[in-house]
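For reference, the structure discussed in these notes is given below.
To find a chain, count down the sequence lines: A is the first, B the second, and so on, and within it residues start at 1.
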2 protein chains.
Amino acid sequence: MKTHQITIKDIARILEISPSTVSRALKNHPDISPETKKLVQTFAEKVKYRPNALALSLRSSKTFTIGVIIPEIVHHFFSSVISGIEDVAYAAGYKVMMCQSNENDAREAINIQALLDSQVDGILISVSKTTRNSEPFQRIVENNTPIVFFDRVCEEIESDRVIVDDREGARIATQHLISLGCKQILMLGAPLHMLIGKQRLDGYKLAHEQNELAINPSLFMRCDTRDDVTKQADAILSLAPHIDGIFAVNDSTAIAAMQLLMKNGYKIPTQIKVIGFGDGPNATISSPSLSTVGQKGYEIGQESTRMLLTRISNPDLAEAFHTRVLTPELIVRESTTI
Amino acid sequence: MKTHQITIKDIARILEISPSTVSRALKNHPDISPETKKLVQTFAEKVKYRPNALALSLRSSKTFTIGVIIPEIVHHFFSSVISGIEDVAYAAGYKVMMCQSNENDAREAINIQALLDSQVDGILISVSKTTRNSEPFQRIVENNTPIVFFDRVCEEIESDRVIVDDREGARIATQHLISLGCKQILMLGAPLHMLIGKQRLDGYKLAHEQNELAINPSLFMRCDTRDDVTKQADAILSLAPHIDGIFAVNDSTAIAAMQLLMKNGYKIPTQIKVIGFGDGPNATISSPSLSTVGQKGYEIGQESTRMLLTRISNPDLAEAFHTRVLTPELIVRESTTI
DNA sequence: TTGAAAGCGCTAACAC
DNA sequence: GTGTTAGCGCTTTCAA
């Protein structure tokens with residue numbers, strides 16, 4: 001049984017004044033006499049009056065809600081991003097409507113439509129891996145709803161973006177190893193048709209070039225999961241005697257490699273130094289703890305939300321779109337500390 | 001510059017019929033002639049008409065939105081829960097409005113109010129650690145908004161609940177060690193004034209009783225973080241020669257203990273078997289991989305959402321409240337496998 | 001078979 | 001200083 005929420009009309013009826021007076025009194029409109037104001041305000045307080053956000057939104061076409069679409073919540077990086085989004089949104093008085101695409105472009109498209117139907121004031125999105133078609137994003141633009149892409153952007157859509165410089169992260173990681181004296185660095189990388197696969201390899205190469213170090217093509221392996229390490233254990237072990245460092249595209253691969261090497265008698269970091277990428281919760285828990293590159297999920301969330309809120313409050317400011325590039329940070333732990 | 005979204009009124013004007021006819025035609029009302037229907041529907045399609053959810057909600061006082069408040073998103077357990085919530089909500093055509101309390105009761109109260117103001121159809125909440133006052137929850141009840149507490153409930157509020165049986169989880173874990181022949185099991189526990197601290201100790205004790213095994217009080221240590229393990233390393237090591245198993249209240253403590261012991265020459269699982277609690281992402285990444293107790297976050301999310309949706313669709317069904325207790329599951333990995 | 005009108009809760013011209 | 005009215009977008013009686 002639904003209890004009828006008290007409305008301005010109710011208050012007006014009970015106090016025998018008009019709804020508009022109540023409305024004005026509640027928002028301290030200068031026209032209203034102090035007595036009426038007090039009367040209305042104390043009464044409203046007493047009956048716990050709360051404005052109906054739906055009515056407000058319908059009237060003002062402003063919902064104070066931002067929509068967020070991410071591939072997977074259960075992922076340390078994305079949950080950090082959400083945390084950043086939520087904190088900034090909350091501080092600015094905005095609510096967050098959250099959807100996950102589960103890396104499924106159809107679900108992503110449906111989520112977009114649902115957010116638009118809900119009249120959200122803006123949308124933050126990190127594109128699903130399966131997405132090929134930019135049409136759903138195009139609808140957001142046509143709808144004139146501000147949008148900010150973060151981490152995984154859609155190239156075809158002109159918009160604000162927040163990304164991390166993956167290549168630079170890989171360069172920093174590799175440079176760190178080189179600075180520690182490593183000369184033969186094995187890279188455990190992702191498939192090159194993936195953007196992160198390519199960019200992180202580029203960073204690896206760049207660091208070598210900058211240090212005038214030759215790149216040994218046999219020191220690149222396509223290996224980016226724990227399972228891959230197990231499957232390719234023989235190959236890794238056969239390379240092991242000739243290397244002094246490993247750079248892996250993600251933490252779990254780095255940790256798996258570290259464990260494989262240690263099980264086979266290698267000392268880390270003395271003989272071989274290891275660095276990962278991502279700074280998930282694993283990195284601190286491994287033994288030795290893992291040096292890695294922090295992806296700044298929380299900052300990405302904060303920054304994208306700030307950019308979105310700026311667009312929302314300056315809708316007709318036809319200012320050029322910005323792409324904010326965050327530089328990943330080197331996090332040094334035991335796996336590279338002698 | 002805001003593009004005016006096309007409305008039913010616009011369509012009516014252009015087609016020179018009345019808004020009510022358009023409305024009816026769009027929802028296939030039997031009264032409308034086939035020709036008019038076709039006319040309206042194809043036109044609506046052409047101009048990409050989309051109903052304004054705000055207007056719908058205002059009229060029907062139904063938002064198809066559920067509110068979720070959790071302590072921290074960046075926490076594997078909670079992000080699993082959210083994932084479960086989102087999946088079930090999505091399948092039922094509901095949207096999710098998400099807030100985090102950051103373990104702050106004031107922010108929690110504000111979030112509750114914001115959700116109520118937004119007229120969400122129901123609320124899912126896991127109570128913040130700092131919450132002492134049940135009044136904010138009381139408001140939800142007074143507002144007649146269905147509510148389901150999950151994991152961390154508020155005792156004073158009568159409502160549906162979904163919790164995991166922590167004591168049973170601890171019992172299962174301890175029983176597992178006992179079944180493997182352990183007789184001197186060190187428990188690394190949380191403070192006893194915390195519910196999980198008490199319940200998991202109870203489970204530990206229960207397993208001993210059920211196996212007619214004496215409980216050695218010196219085998220309980222207050223130690224529930226990685227740091228604690230470091231600080232109390234000496235104490236742990238002095239006990240080590242006399243124990244054959246360890247049960248820790250969470251995975252990271254278990255892993256830290258495991259690492260400490262291995263560094264000091266103990267073989268795991270041969271000499272000492274170790275089991276944790278939680279099944280976060282660390283458990284698989286440690287070496288040896290960690291046996292643990294799965295908390296079923298995803299299932300909790302699913303189940304609470306199902307219960308909430310049931311309440312939402314049967315508002316006046318004054319059926320008694322249910323408390324659904326999920327049994328944690330034993331997950332056996334290398335740290336207890338001989 | 002279609003249209004007119006009222007109302008969901010709120011605010012803001014425009015009266016007076 | 002306060003009230004009347006109209007309208008945000010939609011649906012639904014009621015009337016034609």
Side-chain angles (χ1 to χ4, degrees), chain A residues 2-41 43-44 47-65 116-121 143-145, chain B residues 2-41 43-44 47-65 116-121 143-145:
Chain A
K2 190 153 276 168
T3 39
H4 168 76
Q5 270 256 58
I6 191 146
T7 73
I8 282 191
K9 248 173 153 169
D10 295 327
I11 299 184
R13 196 167 14 80
I14 298 170
L15 262 33
E16 299 187 302
I17 53 183
S18 85
S20 35
T21 304
V22 176
S23 171
R24 286 188 273 240
L26 286 172
K27 38 186 39 178
N28 258 312
H29 191 106
D31 277 1
I32 304 295
S33 76
E35 305 83 56
T36 315
K37 273 186 193 168
K38 192 145 300 165
L39 174 70
V40 171
Q41 288 174 358
F43 183 76
V47 299
K48 291 186 186 157
Y49 166 77
R50 294 254 88 209
N52 181 325
L54 249 32
L56 258 1
S57 296
L58 179 59
R59 200 165 192 288
S60 61
S61 39
K62 182 98 178 70
T63 54
F64 287 99
T65 302
L116 292 179
D117 289 353
S118 299
Q119 317 288 120
V120 295
D121 293 339
N143 198 74
N144 242 284
T145 299
Chain B
K2 189 154 281 172
T3 40
H4 167 76
Q5 271 256 57
I6 190 147
T7 72
I8 281 191
K9 246 172 154 171
D10 296 328
I11 298 183
R13 196 167 13 78
I14 299 171
L15 260 33
E16 299 186 304
I17 51 182
S18 84
S20 31
T21 305
V22 176
S23 171
R24 286 188 271 241
L26 286 173
K27 39 186 37 179
N28 258 311
H29 190 106
D31 278 0
I32 305 295
S33 76
E35 304 83 58
T36 316
K37 274 185 191 168
K38 193 146 297 165
L39 174 71
V40 172
Q41 288 175 359
F43 184 75
V47 297
K48 291 185 186 157
Y49 165 77
R50 292 255 90 208
N52 183 325
L54 249 33
L56 256 2
S57 297
L58 180 58
R59 202 167 189 286
S60 62
S61 40
K62 180 97 180 73
T63 55
F64 287 98
T65 301
L116 291 180
D117 289 353
S118 299
Q119 317 285 123
V120 295
D121 294 339
N143 198 73
N144 241 282
T145 299

So does [X] get a side-chain nitrogen or oxygen closer than 4.0 Å to the phosphate oxygens (OP1/OP2) of [N]?
X	N	answer
Thr21(B)	dT1(C)	no
Ser33(A)	dT2(D)	yes
Lys9(B)	dC8(D)	yes
Thr7(A)	dG9(C)	no
Ser20(B)	dG3(C)	no

Using a cut-off of 4.0 Å on non-hydrogen atoms, how would the nucleic acid contact of [X] be classed: base, sugar-phosphate, or nothing?
X	result
Thr36(A)	sugar-phosphate
Ile17(A)	sugar-phosphate
Asn52(A)	sugar-phosphate

From the list [options], which nucleotide is the closest neighbour of the side chain of [X]?
X	options	value
Lys27(A)	dT11(C), dT12(D), dC10(C)	dT11(C)
Arg24(A)	dA13(C), dG9(D), dC10(D)	dA13(C)
Ser18(B)	dC10(C), dG9(D), dG3(C)	dG3(C)
Arg59(A)	dC10(C), dT11(D), dG3(C)	dC10(C)

Using modelled atom types and a 3.5 Å cut-off, is there a donor and acceptor pairing between side-chain atoms of [X] and backbone atoms of [Y]?
X	Y	value
Lys37(A)	His29(A)	yes
Gln119(B)	Ser61(B)	no
Ser118(A)	Val120(A)	no

